[in-house]
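Below you'll find the structure, written out as structure tokens, and then a few comments.
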Amino acid sequence: MSKLQSQDKEYKIIVVGGGHAGCEAALVASRLGFRTLLLTMNLDTIAFMSCNPAIGGLAKGQLVKEIDALGGEMGKNTDATAIQFRRLNMTKGAAVRSSRAQVDRQAYRLKMKEVLERQENLELKQALVEEILVEKKRVVGIKTGIGEKFYAQAVIITPGTFLNGLIHIGLTNFPAGRMGDFPAVKLSENLKGLGFRIGRFKTGTCPRLDGKTIDFSKLKRQEGDELPFPFSFTTKKVTQSQLPCYITYTNSKTHQIIREGLDRSPLYTGVIKGTGVRYCPSIEDKVMKFPERERHQIFLEPEGVDTSEVYPNGLATSLPIDIQFRMLRSIEGLERAEIMRPGYGIEHDYVEPTQLRPTLETKLIENLYFCGQINGTTGYEEAAAQGLIGGINAALKIQNKPPFVLDRSQAYIGVLIDDLVTKGTKEPYRMFTSRAEYRLILREDNVDLRLTEKAYTIGLIGEMRYQEVEAKKKAIEKEIARLKEVKIFPNSRTNKKFSELGWVTLRSPISLAELLRRPEVSYSDLKLFDKRNGEVPLEVAEQVEIQIKYEGYIKHQEQEIEKFKKMEDRKIPAKINYQEIVGLSNEVREKLCKIRPDSLGQASRISGVTPAAIAILMVHMKRM
């Protein structure tokens, strides 16, 4: 390691960037006992939400709960600062239900900053990192814009949209990481100089409106859930009051105004070169790509308790400011709306994620980790999940311990990272339930049952929390066994009650478990026939009902997972020479050399690697 200068300091782990990925990475590294440094351009914007003031959503809620089960902070911070909770898809199957919360934007960042400042083994410093220091293909530290050098055994880079960031408002553009912040231009150049393949993506955000100028009386009010459902398994009850959101819609006049402004749109004049987010398009993209749609829904979301700023979710745009004004004022309820902050598009660099291992360590430089939007993702939750895994693995690597990798059958986090490092991404990556082939197993409601033991083994959570989950597991198993034993019999009293409820009457005895399998029957209905029903906690009752109702489907998916595991367990030797394998096409050889998969399972998921190629690879491995 380089000789330290008088002003230089040495740490075990350095985290660059104070966004959602950086916060989780720094917290988990320091909680595992390592002296950690978090460097960020501005200490006042730690954990700042650059886009909408919300956490969770479809599939994203699962990510937040997985982060929490593994000892992360995002769920706790959300519970403490949320102003509206909603569980989505509750009329659909358990596999696709997710939680979402509106949060107080300023309270969220301040709460997270407080947690970071109080964390033992963690130091915070404000600095612009411009260079990653490398010796013999191993990272040794970083250098800041004012010449400071900080040394560490591992470095985690989490720059968000700041890498060579460029903001667009109409045909006006200027360098920025987000509105009001400097971009990280030299760091991006440094990454290219180190040999990383760099791409370019585009994302954007909505204008912020002055709530005092919105006529909410014209709009549909949307309340949160009557009984808030927290994200963190450690949050026993949500006590703060909730705020409503409001719904409005664009119209034909809005769409005409947007079309009139396309000659000054950076998207439609070719000024923006980066690929945008397919599943969160700008309003101009919605209007042009879906001309048959007469209107598009807009959610007016409060930014917090002590501010009048409102976020019009669904109106992301990079149109000129005059068009933004006209567009907004054509919408019902917004006829007098004032813009407090304009909407904008932002282009930023990212590193092709196939250059990473499943631990998020780079293949090019040892002990260097990339987490968050640098890997081509979009979203707070995706970033935080990567930060947590990167932080865990950096700490484990320093201790010469086995890496912590979640596979596709264990967590949404596993799906996210496997997709990135195996397939890469040609557009900003966003998590969806449809990406998880084992989503019936990877439900939001059973995250603690799936991941708590893993977290406890590593030392991410304490004994008490682990024992609570173990007790919950036993209570679920005990109640399921009891329901399978207790029978109800076809008599006049029972069948009368069945008829009153609209259920098919009994002809032969059935267990309570068999009754619960009926689609129309809920666990709470069983109390009509079972005096002991209701003795277990609600969270146990929920698991009992889901596990019994979906028992057949769950067993089928568990069988599929067994097959998946067999392929995942077939590890490919690190020094395998794909060029010498007879029978592989040049395309397959090229892709295997580029990705260098860890297992046959990962190899099988690389685009273009055929089942025949996997069979050839298996034969070659046997010969080795």
Testing the 3.5 Å rule here: is there a donor-acceptor pair between the side chains of [X] and [Y]?
X      : Y      : result
Ser99  : Glu444 : yes
Thr422 : Arg605 : no
Thr307 : Gln106 : no
Arg439 : Ser434 : no
Asp445 : Gln543 : yes
His20  : Glu24  : no
Glu479 : Tyr523 : yes
Arg31  : Gln119 : yes
Thr235 : Asp79  : yes
Asp407 : Ser409 : yes
Asn367 : Gln153 : no

So with a 6.0 Å cut-off around [atom1] of [X], is the heavy-atom count from everything else above 12?
X      : atom1 : value
Glu463 : CD    : yes
Lys401 : NZ    : no
Arg518 : CZ    : yes
Glu485 : CD    : no
Leu538 : CG    : no
Lys363 : NZ    : yes
Lys565 : NZ    : yes

For [X] against [Y], the heavy-atom pair lying closest together:
X      : Y      : value
Ile67  : Glu73  : CG2-N, 4.2 Å
Ser511 : Leu483 : CB-O, 3.6 Å
Ala54  : Val103 : N-CG2, 4.2 Å
Ala154 : Val139 : CA-CG1, 4.3 Å
Asn89  : Val96  : ND2-O, 3.1 Å
Ala69  : Arg465 : CA-NH2, 3.4 Å

Return the [atom1] to [atom2] distance between [X] and [Y], rounded to the nearest 0.5 Å.
X      : Y      : atom1 : atom2 : result
Arg443 : Tyr550 : CZ    : OH    : 8.5 Å
Thr91  : Arg97  : OG1   : CZ    : 8.5 Å
Arg408 : Ile413 : CZ    : CD1   : 13.5 Å
Leu32  : Ser30  : CG    : OG    : 8.0 Å
Phe370 : Leu356 : CZ    : CG    : 7.0 Å
Thr36  : Leu124 : OG1   : CG    : 10.5 Å

Carboxylate-amine/guanidinium proximity below 4.0 Å for [X] and [Y]:
X      : Y      : result
Glu468 : Lys472 : no
Asp419 : Lys423 : yes
Arg570 : Asp598 : no
Glu382 : Arg430 : no
Lys397 : Glu366 : yes
Glu301 : Arg100 : yes

Which is it for Asp530 and Arg482 under the salt bridge (Lys or Arg N to Asp or Glu O under 4.0 Å) test, yes or no, and what are the steps along the way? CA-CA 11 Å; Asp530 177 32; Arg482 189 184 73 82; 2.7 Å; yes
Go through the steps to decide whether Glu551 and Gln547 satisfy the test side chain to side chain donor-acceptor pair (under 3.5 Å), and finish with yes or no. CA-CA 5 Å; Glu551 185 177 22; Gln547 290 187 30; over 6 Å; no
My understanding is that only residues two or more places apart in sequence, or in another chain, count here; which of them pass salt bridge (Lys or Arg N to Asp or Glu O under 4.0 Å) with Asp225?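 None.
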I'd like to check the salt bridge (Lys or Arg N to Asp or Glu O under 4.0 Å) partners of Glu303; sequence neighbours left out, ordered by chain and number.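 With sequence neighbours excluded, Glu303 shows a salt bridge (Lys or Arg N to Asp or Glu O under 4.0 Å) to Arg105, Arg208, given in chain and number order.
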For Tyr466 and Tyr456, take the angle between the two ring planes, folded into 0 to 90°, and tell me which bin it lands in: parallel under 30, tilted 30 to 60, perpendicular over 60.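 Ring orientation, 0 to 90° scale: parallel.
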As a quick check of understanding, evaluate side chain to side chain contact (heavy atoms under 4.5 Å, CB included) for Thr203 and Thr161, giving each step before the final call. CA-CA 9 Å; Thr203 186; Thr161 60; 4.2 Å; yes
Start with the C-alpha gap between Glu562 and Lys566, add the side-chain angles, then the distance that decides, and say whether salt bridge (Lys or Arg N to Asp or Glu O under 4.0 Å) holds. CA-CA 6 Å; Glu562 283 182 25; Lys566 288 178 182 177; 5.9 Å; no
Below 4.5 Å, heavy atoms only, C-beta onward: do Ile156 and Ile13 meet side chain to side chain?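 When only atoms from C-beta onward are counted, Ile13 and Ile156 do touch, with a gap below 4.5 Å.
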Would you say the ring centroid of Phe564 lies under 6.0 angstrom from that of Tyr438?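 Yes.
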Are Phe201 and Tyr350 an aromatic pair, judged by ring center distance below 6.0 Å?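 Yes - the distance between ring centres of Tyr350 and Phe201 falls below the 6.0 Å cut-off.
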Worked verdict on Gln62 versus Ser98 for side chain to side chain donor-acceptor pair (under 3.5 Å): CA-CA 6 Å; Gln62 279 88 332; Ser98 301; 2.8 Å; yes
Go through the steps to decide whether Gln386 and Asn375 satisfy the test side chain to side chain donor-acceptor pair (under 3.5 Å), and finish with yes or no. CA-CA 9 Å; Gln386 293 173 71; Asn375 294 335; 2.8 Å; yes
Both conditions, 6.0 Å and 45 degrees, for the charged tip of Arg109 above the ring of Phe48: are they met here?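 No, Arg109 does not lie over the aromatic ring of Phe48.
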Intermediate values then yes/no, salt bridge (Lys or Arg N to Asp or Glu O under 4.0 Å), Arg118 and Glu114: CA-CA 6 Å; Arg118 292 185 176 184; Glu114 178 189 357; 3.2 Å; yes
Met74/Asp68 under side chain to side chain contact (heavy atoms under 4.5 Å, CB included): CA gap, chis, key distance, verdict: CA-CA 7 Å; Met74 179 173 266; Asp68 181 72; over 6 Å; no
Hey, mind stepping through Glu514 and Arg517 against salt bridge (Lys or Arg N to Asp or Glu O under 4.0 Å) and telling me if it holds? CA-CA 5 Å; Glu514 290 173 300; Arg517 288 195 186 98; 5.1 Å; no
Once ring-ring contact (aromatic ring centres under 6.0 Å, His included) is applied, what residue pairs with a partner in residues 390-437 remain, sequence neighbours excluded?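 Matches after skipping sequence neighbours: Tyr279-Phe432.
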